[in-house]
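Comments concern the structure below.
Note that ligands are numbered from 1 as they come in the structure, with each ligand's atoms numbered from 1 the same way. For the numbers below, each heavy atom of this structure counts, side chains included, while hydrogens, waters and symmetry mates do not.
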Amino acid sequence: MGSTEMEVGPDGVAVIRLVNPPVNDLSLDVLNSLKENYDQALQRDDVRAIVITGVEGMFCGAFDMTAIRDIQAGKAQAPKQGYVAVEIFTDTIEAGKKPSVAAIDGMALGGGLEVAMSCHARISTSYAQLGNPELQIGIIPGFGGTQRLPRLVGVSKSLEMMLTSKPVKGEEALTLGLVDAIASPAELLSTARLWALDILEGRKPWVVTLDKTDKLKPLGEAEDILNFARTQVREQNPNLEHPLVCIDVIEEGIVSGPRAGLWKEAEEFQVLLNSDNCKSLVHIYFSQLNTTKVPGVTDLGLIPRSIKKVAILGGGSMGSGIATTLIVSNYPVILIEVDDNSLQAGIGRVKANLQSRVEKGEMTQDKFESTISLLKGSLDYESFRDVYMVIEAVTANVLLKQKIYVDLEKYCPPHCILASTTSTFDLNLIGQRTKSSDRIVGTHFFSPVDVIPLLEIVRTEKTSLQVIVDLIDVGQKIGKTPVVVGNGPGFAVNRMFFPYTQVAILLAERGTDIYHIDQAITKFGMSMGPFRLCDLVGLDVEMANDIRYLGYFPERVYKSVLLSLMIAGKRAGESTGKGFYAYNDKREASPDPDVKIYVEKSRIMSGISVDPKLSTISDKEIIEMILFPVVNEACRVYAEGIAVKTSDLDIAGVMAMGFPAYRGGVMFWGDLFGSKYICSTLEEWADEYGAFFKPCAYLVEKAATDAPLSSPLD
Ligand SMILES: C[C@H](O)CC(=O)SCCNC(=O)CCNC(=O)[C@H](O)C(C)(C)COP(=O)(O)OP(=O)(O)OC[C@H]1O[C@@H](n2cnc3c(N)ncnc32)[C@H](O)[C@@H]1OP(=O)(O)O
């Protein structure tokens with residue numbers, strides 16, 4: 001879908017507009033229509049020059065992501081290699097006998113920037129975003145960006161822009177030489193038209209980007225820059241090939257000329273488009289977009305109510321983090337605490353959070369003042385008479401919470417949403433002394449609140465649909481990715497990952513080195529191995545969670561005394577200076593040989609002997625033994641309806657547990673092995689090591705026909 005439209009003005013300038021709102025992404029229809037109109041403009045005698053722009057204040061938000069997904073799924077044909085990059089952008093636009101100028105507002109990303117770079121000049125508004133973010137979805141620029149960007153901004157800057165996927169604003173693009181002039185949105189088109197005519201009449205240079213060499217360093221220097229980038233990329237992303245391919249393609253154009261570079265780019269683009277990494281990253285892109293589409297909730301036409309004021313109960317790290325996130329998103333907040341000391345401490349934490357943004361240059365002092373003015377403190381519920389939502393973030397004590405909800409019901413307006421940040425208690429339990437179950441909901445933020453972009457919106461069977469719609473809207477407005485989940489133990493993320501550390505302990509007690517386990521898992525791409533994560537969370541918290549899960553799922557909680565032995569030995573994790581690792585005063589972790597004593601003791605007390613197979617286990621086996629039980633638990637979370645789609649579990653695991661996005665999320669990654677292989681492997685382990693590994697019914701059912709575990713993305 002989408003197209004282009006052409007309008008030839010009395011000045012002889014043909015304006016070709018990309019029409020595919022909201023972001024005018026380059027679908028195959030748009031590309032074909034662009035080619036058609038451009039050819040016409042070149043042939044028409046009444047056309048002297050050409051301007052390309054987009055409708056609705058947007059130039060172009062990249063190549064069509066749905067086209068990428070459909071090509072990967074075999075539902076659409078990829079354009080012939082070189083059709084876009086060579087035939088359209090190079091041989092039609094850039095080589096055309098009439099000057100062309102791109103008029104950029106909003107965004108020129110990916111293929112959008114590439115079409116602009118094939119024009120003979122670019123005019124941009126100062127706030128437009130220009131970039132080549134292709135590497136964030138596992139490919140490289142495929143319409144000439146690897147050749148034109150270095151020729152416009154230089155090899156170093158083009159490498160930085162492509163490898164980080166970070167766009168630059170119009171102003172910076174001007175200083176870089178990526179655009180030729182800045183204009184206000186009102187004057188953008190007229191400036192571009194004049195510029196095109198100036199090129200025609202020799203008053204402005206007619207620049208063929210591919211022919212530019214002034215920004216390309218001499219070969220030796222360019223090689224040094226490229227090799228330095230290769231070293232950095234290998235260090236940062238040892239599991240990823242495509243950044244190295246991007247560097248190779250840039251190099252090919254420098255060494256063998258831009259046209260050779262274009263063809264190599266086209267070839268490598270095609271290969272990467274069909275790689276597992278790209279399929280995984282495209283899946284994560286759509287999974288994130290789809291979290292707000294909740295069947296039976298968001299498809300009923302319910303309009304989110306505007307939440308004009310929010311009260312936060314509790315100014316600890318969670319409460320103050322949430323208060324910060326809310327006021328930064330312009331929500332007036334009342335923070336309530338039990339006494340003035342605690343209240344001042346809570347307000348102080350919010351100020352410190354904002355101050356660190358000022359120090360990082362992310363917030364001006366004025367913005368700091370206006371933002372902090374949205375925060376009021378209070379010691380009583382009187383100020384709750386006009387709030388629209390209360391988020392309770394007090395310590396985990398169910399009797400206290402029940403009392404609080406009775407008070408909230410008394411003081412807050414009847415429409416006020418009563419939300420809890422609890423990650424441990426059943427929401428029905430918290431609200432059981434009230435008659436407000438329809439407006440009780442969970443808002444499970446992940447610490448640190450300003451870093452982790454996921455928000456679990458936890459609904460009970462009684463939570464009203466309106467409240468869920470309201471919370472999805474608030475979640476998006478505060479810059480979170482909201483995922484609607486059921487009110488089961490551990491909700492979705494903590495529930496599906498509870499086997500993560502337990503299997504690690506099972507392996508350690510059977511002789512697998514704990515540091516080898518963490519190393520294998522971080523090499524796989526998890527941001528933290530199970531033992532390091534256990535230290536970060538705290539062994540006492542981990543143990544409390546295990547005990548809780550023992551109450552719900554006794555058959556599949558791995559029983560071990562290791563954590564209690566470690567805690568007794570004053571090794572409760574990072575906050576106590578030692579756990580499974582020893583920590584220096586900068587909290588840097590290093591392996592600690594003393595841990596072996598506790599593992600040995602735990603093994604003896606559990607009557608377990610070292611298993612020679614597990615003491616020489618490979619990285620691949622460690623990854624499967626630790627993560628297949630996570631896939632198994634994720635299957636249960638989906639089968640029980642705690643999650644409404646498996647893609648929600650994929651994006652949630654990536655955002656909140658550091659599962660690598662380039663592996664697509666827990667369920668998507670599981671499908672790369674196939675349900676049959678995972679099920680039979682778990683069955684083998686269950687026979688050998690106990691019911692802990694037993695595959696769930698959903699997995700067994702899928703494995704019978706080796707069907708995919710993932711539910712279809714709508
Ligand atoms: C050959 C080329 O070199 C290859 C490429 O160009 S691949 C480039 C890869 N593309 C990207 O990484 C950019 C993907 N898109 C984005 O990052 C963001 O959507 C954006 C920065 C363009 C806009 O962000 P934002 O304003 O927050 O709007 P966002 O909510 O993301 O998108 C709005 C709508 O446009 C759609 N959209 C955005 N970019 C799209 C794209 N490239 N293709 C198709 N649809 C797109 C979204 O799906 C969404 O649709 P919905 O309203 O039905 O859910």
Could you give the distance from CG (N290) to CG (D648), rounded to the nearest 0.5 Å?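 Reported value, rounded in 0.5 Å steps: 8.0 Å.
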Looking at CE of M161 and NZ of K166, how far apart are the two atoms once the value is rounded to the nearest 0.5 Å? 11.5 Å
List for me each residue that meets ring-ring contact (aromatic ring centres under 6.0 Å, His included) alongside Y638, sequence neighbours excluded, and say none if there are none.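 In terms of ring-ring contact (aromatic ring centres under 6.0 Å, His included), with neighbours along the sequence ignored, Y638 is linked to Y698.
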Residues passing the ring-ring contact (aromatic ring centres under 6.0 Å, His included) test with H120, sequence neighbours excluded, are W206
Any protein heavy atom < 4.0 Å from [atom]:
{"atom": "atom 43 (N) of ligand 1", "answer": "yes"}
{"atom": "atom 48 (O) of ligand 1", "answer": "yes"}
{"atom": "atom 1 (C) of ligand 1", "answer": "yes"}
{"atom": "atom 28 (O) of ligand 1", "answer": "no"}
{"atom": "atom 51 (P) of ligand 1", "answer": "no"}
{"atom": "atom 37 (N) of ligand 1", "answer": "yes"}
{"atom": "atom 19 (O) of ligand 1", "answer": "yes"}

Between ligand 1 and [X], is the shortest N or O to N or O distance under 3.5 Å?
{"X": "T66", "value": "no"}
{"X": "L109", "value": "no"}
{"X": "G142", "value": "yes"}

Contact between ligand 1 and P133 is defined here as a heavy atom of the residue under 4.0 Å from a ligand atom; is it met? yes
Tell me whether K215 at atom NZ has more than 12 heavy atoms from other residues, nucleotides or ligands lying less than 6.0 Å away. yes
Considering only protein heavy atoms, which is closest to atom 41 (C) of ligand 1, and at what distance to one decimal place?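 Minimum-distance protein heavy atom for atom 41 (C) of ligand 1 reads M65 CG, 3.4 Å.
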